[in-house]
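The block underneath contains the structure these notes are about, expressed in structure tokens.
The figures that follow rest on heavy atoms only: side chains count, while hydrogens, waters and symmetry mates do not. Below, chain A is the first sequence line, B the second, and so on; all start at residue 1.
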Number of protein chains: 2
Amino acid sequence: MTASGQSEGAAARQKAKYHHGDLREALIAAAYGLVSEAGAESFSLADACRRAGVSTAAPYRHFKDREELLAEVTARGFDALTADTKRAVEAQGEGSLPAVIAMGKAYVAFAAGQPGLFRLMFGQPRLMGAFPQVSETGGGCFGYVIEQVGKYCRANGVERDANEVAVKLWTFVHGASSLLIDGKYEKVTPGLEVEELIASATPLLLGHKG
Amino acid sequence: MTASGQSEGAAARQKAKYHHGDLREALIAAAYGLVSEAGAESFSLADACRRAGVSTAAPYRHFKDREELLAEVTARGFDALTADTKRAVEAQGEGSLPAVIAMGKAYVAFAAGQPGLFRLMFGQPRLMGAFPQVSETGGGCFGYVIEQVGKYCRANGVERDANEVAVKLWTFVHGASSLLIDGKYEKVTPGLEVEELIASATPLLLGHKG
DNA sequence: AGAGCAAGTTAGCGAAGCTAACATTCCTTC
DNA sequence: GAAGGAATGTTAGCTTCGCTAACTTGCTCT
């Protein structure tokens, strides 16, 4: 029936078995890759099945429907974004201005690197509302941003409400990410360097002198 | 060449007829409504056909495919956004700070009022690249924003490069719109008033003192 | 009036999401 | 260690959708 590619040497030990082993994770990985590459619009469950080497009915043993799989991908995306952001902050030292700027740049870099995934993570309010893992991981991501801005404010005597400042920064960085990956900047300001945009806007939004 | 250049004779006869009269416009209107109501994700050409009272093959006399119809909807969306923005500016008087703030509020209000349409207009870079009417109307919209910020800067002695300032404001306002309609603010800052956010961030980005 | 074209129609293909019914393997329990 | 149920695959098939082909209708223009 299934032509098992047993000529793979060591990997051949992974015999072509009826049961996949961990199809759930394999499907999430396949979907994550497909969404990152081509976006959620054109993503099809059938594609993910082909990539995982199973029939198109198999996913329904692990996910209620297409949306539930995408919700899991979304949650993983938020985890990845949070991890990127943390790495950027820690490389600069918590509570410093460079850390805040690096955080913004990491956010933009994530969006630019995987625009399809980024659009899935935002742009799908239904997922947020319906799946707890999405709202949890998403909330964790924004929560981290707010926490870091709070640290900066306290450490540097910024008198504004830290929460308010954080929301402003997040808003700006998110806008930059969206406009960048949607190609809107290109039309209007062809030579724009987004990293520089972040670096120059951050102090303004922190309330420093222009 | 616009198709509406013909005389009113044919369209005036509203009898139950084989030929629709102006199916192209009817389909655009139906699609505009459906996208505004439910988003482009769940939009189907078949739905638009039902709403227009016509078979599912009929659209192909007027549009190459589903995307071409959505591109037209996108262009209309940009026209509407530009119109809203202009109205807001003119109500406050060009070149004033209230005008700049009103412009931002109008942008956010447009997004909040028709989130599905807003997401279609942004979030679909393919449409921008492939259809001239999209990149024209889109460019016109952003161009207007930049022009208005330029007027403010010149009128009020803001020394920064007006283009740079405009991009910052646009970025912020766009980010606020996106996060708002995607429900992200709700999770993190439940009591947030977006209008106030715009009003307080605008002076900062214009380089005024915090 | 009749030719020709514009703009509708029905029919049907292939792909997708999803469900139902069947098949195989895993795992517990005697 | 075999029996059998639970888990997890499969195939078959339904419906919807995007799109095309081939046909039909009726408007327009000499």
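- Within 4.0 Å of B/Ala58, counting heavy atoms only, lies at least one base atom of the nucleic acid.
- Atom-to-atom, NZ of A/Lys64 to P of C/dT19 comes out at 8 Å; the value is rounded to the nearest Å.
- Rounded to whole angstrom, the span from the CZ atom of A/Arg66 across to the C1' atom of C/dT19 amounts to 18 Å.
- For A/His62 and D/dA7, the shortest distance from a side-chain N or O to OP1 or OP2 is not below 4.0 Å.
- With distances taken from any side-chain atom of A/Thr56 to the nucleotides C/dT19, D/dC17, C/dC18, the minimum falls on C/dC18.
- Taking atom CG on A/Leu45 and atom P on D/dG9, their separation rounds to 14 Å, with Å as the unit.
- Counting to the nearest Å, the C1' atom of C/dA16 and the CD atom of B/Glu41 are 16 Å from each other.
- In this structure, the OH atom of B/Tyr60 is 21 Å from the P atom of D/dC23, given to the nearest Å.
- What separates CG of B/Asp47 from P of D/dC17 is a distance of 6 Å, to the nearest Å.
- Spacing between atom CG of A/Leu69 and atom P of C/dC18 amounts to 10 Å, rounded to whole angstrom units.
- In summary, B/Glu68 and B/Arg24 do not engage in a salt bridge, as defined by a charged side-chain N under 4.0 Å from a carboxylate O.
- Side-chain proximity of A/Val54 to C/dT9, D/dC17, D/dT10: nearest is D/dT10.
- One finds no salt bridge joining B/Glu41 and A/Arg126 here, because no Lys/Arg side-chain nitrogen approaches an Asp/Glu carboxylate oxygen to under 4.0 Å.
- The pair B/Arg87-B/Asp84 meets the salt-bridge criterion, with a side-chain N (NZ, NE, NH1 or NH2) lying under 4.0 Å from an Asp/Glu carboxylate O.
- Across all strands shown, A/Ala46 has heavy atoms under 4.0 Å from sugar-phosphate atoms exclusively, and none from any base.
- Remark: C1' of D/dG18 and CZ of B/Phe63 are 15 Å apart, rounded to the nearest angstrom.
- Taking side-chain N and O atoms only, B/Arg61 has no distance below 4.0 Å to OP1 or OP2 of C/dA6.
- With hydrogens and angles left out, the side-chain atoms of B/Lys168 and A/Ser200 include a donor and acceptor closer than 3.5 Å.
- The side chain of B/Ser55 places no N or O atom within less than 4.0 Å of a non-bridging phosphate oxygen (OP1 or OP2) of C/dG8.
- Atoms CG and NE2, on A/Leu179 and A/His174 in that order, are 9.5 Å from each other to the nearest 0.5 Å.
- Across C/dG8, D/dG18, D/dT20, the shortest atom-to-atom separation from the side chain of B/Ser44 is found for D/dG18.
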